[in-house]
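Heads up, the thing below is written out as C-alpha cells.
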Amino acid sequence: MKRLLIILLIFPFFLFAQNQETPHWRPTKHFSPPKNWTNDPNGLIFFQGEYHLFYQHNPYENQWGHMSWGHAVSKDLLSWENLPVAIPEDSVWIFSGTVVADVQNTSGFSTQSEGCLVAIYTADYHGKKENQHLAYSNDRGRTWTKFVGNPVLDLNKKDFRDPHIFWHKSSQHWIMSTVLPLEYKVVFFGSKNLKNWDKIGEFGQQGDMRKIWECPSLIELPVDGNYQNTKWLLMISSNGVTDGFTGMQYFVGDFDGKNFTNNNPPETKLYVDFGKDYYAGIPFNNPPENQKLMLGWLASWQYAGEIPTFPWKGTMSIPREISFKTFPEGIRLIQQPIEALKHKNENRIFEKDNFVLSEEKELTGNSLFSKNSYLIEVEFELKSAKKFGFKIGQKKDKTDKKKVLQETVIGYDTKTKELYIDRTKSGKIIKDSFGSVEKVNLALQDKKLKLQILVDKSSVEVFGNDGKVALTDLFFPEAGTNQFSIFTEKGKVNVKHLKIWDL
Ligand code: FRU
C-alpha cells in the first residue's frame, strides 16, 4: 500500500520530467521537426530551386508510430521551412522511399510542362506485409495524390522495402534498388513509366551481414574529381562498425544498367561513418549540376526511442558532399560537410595560425562559441604530444578548475593512431551503451592531421583528413554546459591553422 502511494506521488513528476522542453539540444543548422518523432530522411530531391527533405514522421507522438512522410524545404540546405505532412498514413504505414522529378512525364501523372514529382515508398501493412506504392504532386510537393493503381510492386513478402530510384540516362530507364532485409540482398528493378517494374538484378550476401539490410541507394560518383572516370556507390544501412549497433556500409563497383558488381572481395567491409549515430543516409536526386550530396539520420536504433529531446525526437545530419578518392588500399568514399556552412555568419569567425600548444587552453570567451554550435577547421602538426584535440560541452568545478564535471572529447591518440570521440562524460548518458568511445584508424600525413568538426547543440560530426573518415555522435550536455578547449596531453602539438565559424 505504502509503495503504491509512493508510485502515485512520484508518477506526475516522472511525466513532467519526460515532457520538459529541451531547447538547449535543438540544433540550429541541422533539420529537426518542430515536434514529434522522425527517423529516416526520405525523398531527398532538388526541384525548381528548392531542396526537399521528406522524413519518416509520427505526426501525433514523440515516439515511433503512425508512420507518415513529414516535409521540409530549403534553399540553402541549412535553414529549413517545415511544411504540413506530405503523405499521411491511411490503412498502411508510409515507410521510407524516394522522390523523383518526372520531367518527361513518363508516368503520365504530370499536368505541368515542367513535369511532376513522384514519390515511391514502401507501404507497410502494420508489420504483416510490405510492397511499393506511388504518390504524385503537381504543385512542387505541397499536395500529394496516392496512385489508385497501388501497389506497383508486390512480391508478397513481409519484409521488402525502402525503394531508391533514379533515372539511368544510358539505358533510359528508372532504376529501383530495394532490400530483402533478412536475406541481406538488394534487388534491382527497371521501369519505363514508374508504374510497371521488372526485376533486372540482385546483389548481396556480402560485406557486413551482422544486422538486417535497410535503405539501399545507388549513385554514380567521379573518382578523384574526374567525371570521365566514375564508379558506383552502393550504400546500405545495416550494422555499423561497432558490433550490435546500427550504421552504414558501402560497396564500390560498376553498374551496367542491370547488375552491380563489387570491385572489392566480398568479405571487404567498408563503413560510411565510424560513430554510432549515422543511419539511413541517402543521396539527393536531381541535384544542380555536378552536386553530389547525401544526408542521414543522427541516431542509432539501439537507443533512438530513449533520446531525451522534447517536444521532438530525431535530427538529420548536415548534408554531406560525397565523392570517391583513390588510396593505396583502393577507391574510398570521401565526405565533407557542405561549403555553405562557412558562408553563414561570416563576421563571427575566430582564426589563429602557427602556435605551439603545450597544455589545455579554454577557447570559450568574448561570447563567441558559447552556444555549442560551431564549425572548426584545424590542422595539427605533431611534436611530442601523446594525445591532442578539442573538448566540447565542458563544465568544470567552480572551485577546482582541474576537476572536469562534463565534456565530450574529440581527440587523436598518437600511440594507437586513432581519431576518437569520447562521450563517456558528455552529460546525459541515455543507456550504458551510449557512454562510449568511438574510434577510427587514421594515419597522420607528414605528422599532420586535418579535421573539420561540426558541433550543433547535441551532435558532433567529425571529418578527418579531408573527409577520408567521418565520425558522428550525439551528446546531451546539461543546459549551459558549453565551455570548449583545445588540448594536448603529455607533450606539444603545433596548431598550424585554426579557424572557427560560430553558427
Ligand atoms: C530504417 C527503417 C526502414 C523503414 C523505416 C520505418 O530506419 O527501419 O527500413 O522503411 O525505418 O520507419
Side-chain angles (χ1 to χ4, degrees), residues 33 36-44 53-71 85-90 92-99 119-135 151 153-155 157-165 176-187 204 208-217 235-240 244-249 272-273 276-283 294-307 312-317 472 474:
N36 295 331
W37 170 274
T38 183
N39 53 291
D40 313 358
N42 297 146
L44 304 177
L53 161 60
F54 298 89
Y55 55 93
Q56 284 290 280
H57 186 43
N58 181 344
Y60 309 108
E61 296 154 308
N62 205 16
Q63 61 185 34
W64 192 91
H66 296 284
M67 293 326 287
S68 302
W69 276 26
H71 187 196
V85 168
I87 310 180
E89 66 165 346
D90 44 39
V92 296
W93 284 325
I94 315 298
F95 272 18
S96 288
T98 322
V99 169
I120 305 97
Y121 57 87
T122 297
D124 181 283
Y125 297 70
H126 301 163
K128 292 193 188 77
K129 184 183 158 136
E130 289 177 340
N131 53 31
Q132 318 315 324
H133 285 210
L134 303 183
L153 182 55
D154 190 3
L155 301 183
K157 292 227 176 222
K158 185 170 162 290
D159 291 278
F160 168 48
R161 61 178 173 270
D162 305 339
H164 176 261
I165 288 98
M176 179 198 291
S177 326
T178 46
V179 277
L180 298 176
L182 312 165
E183 294 162 47
Y184 315 105
K185 259 190 202 162
V186 180
V187 192
D208 193 320
M209 294 184 278
R210 287 176 293 174
K211 274 198 186 297
I212 57 162
W213 284 18
E214 300 185 311
C215 302
S217 68
M235 290 192 289
I236 286 152
S237 292
S238 51
N239 203 107
F245 285 81
T246 48
M248 287 184 71
Q249 63 173 316
V272 172
D273 195 289
K276 275 194 180 146
D277 296 312
Y278 193 78
Y279 197 69
I282 50 167
M294 77 178 289
L295 183 145
W297 170 46
L298 297 187
S300 165
W301 274 119
Q302 266 53 40
Y303 42 71
E306 285 139 85
I307 286 174
W312 84 99
K313 214 173 273 197
T315 297
M316 297 304 161
S317 74
T472 303
L474 295 172

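Atoms within each ligand, like the ligands themselves, are counted from 1 in listed order. The structure presented is a predicted model; accordingly, all values stated were derived computationally and were not measured.
- Considering only non-hydrogen protein atoms, atom 4 (C) of ligand 1 sits nearest to Asp162 OD1, 3.6 Å.
- For ligand 1, the atoms lying closer than 4.0 Å to a non-hydrogen atom of Ser96 are 5 (C), 10 (O).
- Look at Trp93 and you'll find every heavy atom at least 4.0 Å from all atoms of ligand 1.
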Quiz prompt | Stepwise side-chain contact (heavy atoms from CB on, under 4.5 Å) test for Asn39 and Tyr279 | solution = CA-CA 9 Å; Asn39 53 291; Tyr279 197 69; over 6 Å; no
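- Within ligand 1, the atoms closer than 4.0 Å to a non-hydrogen atom of Tyr279 are 1 (C), 7 (O), numbered from 1 in the order shown.
- Ring orientation note: the planes of Tyr184 and Trp213 are nearly perpendicular, at an angle over 60° on the 30°/60° scale.
- Of all atoms in ligand 1, listed by their number and element, those nearer than 4.0 Å to a heavy atom of Phe95 are 4 (C), 6 (C), 10 (O).
- The local environment of OH in Tyr125 is crowded, with over 12 non-hydrogen atoms from other residues, nucleotides or ligands closer than 6.0 Å.
- Relative ring orientation between Trp64 and Phe95 is described as perpendicular, the plane-to-plane angle rising above 60° on a 0-90° scale split at 30° and 60°.
- Ring geometry for Phe54 versus Trp69: interplanar angle of 30 to 60°, hence tilted.
- For ligand 1, the atoms lying closer than 4.0 Å to a non-hydrogen atom of Trp301 are 1 (C), 7 (O).
- Among protein heavy atoms, atom 1 (C) of ligand 1 sits closest to Asp40 OD2, 3.0 Å.
- Remark: minimum distance from atom 8 (O) of ligand 1 to any protein heavy atom is reached at Glu214 OE2, 2.9 Å.
- Residue Asn39 touches ligand 1 through its side chain alone, judged by heavy-atom distances below 4.0 Å.
- The shortest contact between atom 6 (C) of ligand 1 and any protein heavy atom is with Gln56 OE1, 3.2 Å.
- Here the closest heavy-atom approach between residue Lys211 and residue Gly244 is recorded as CE-O, 3.3 Å.
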Exercise. Kindly determine whether His164 and Met235 satisfy side-chain contact (heavy atoms from CB on, under 4.5 Å), including the steps that lead there.
Key: CA-CA 11 Å; His164 176 261; Met235 290 192 289; over 6 Å; no
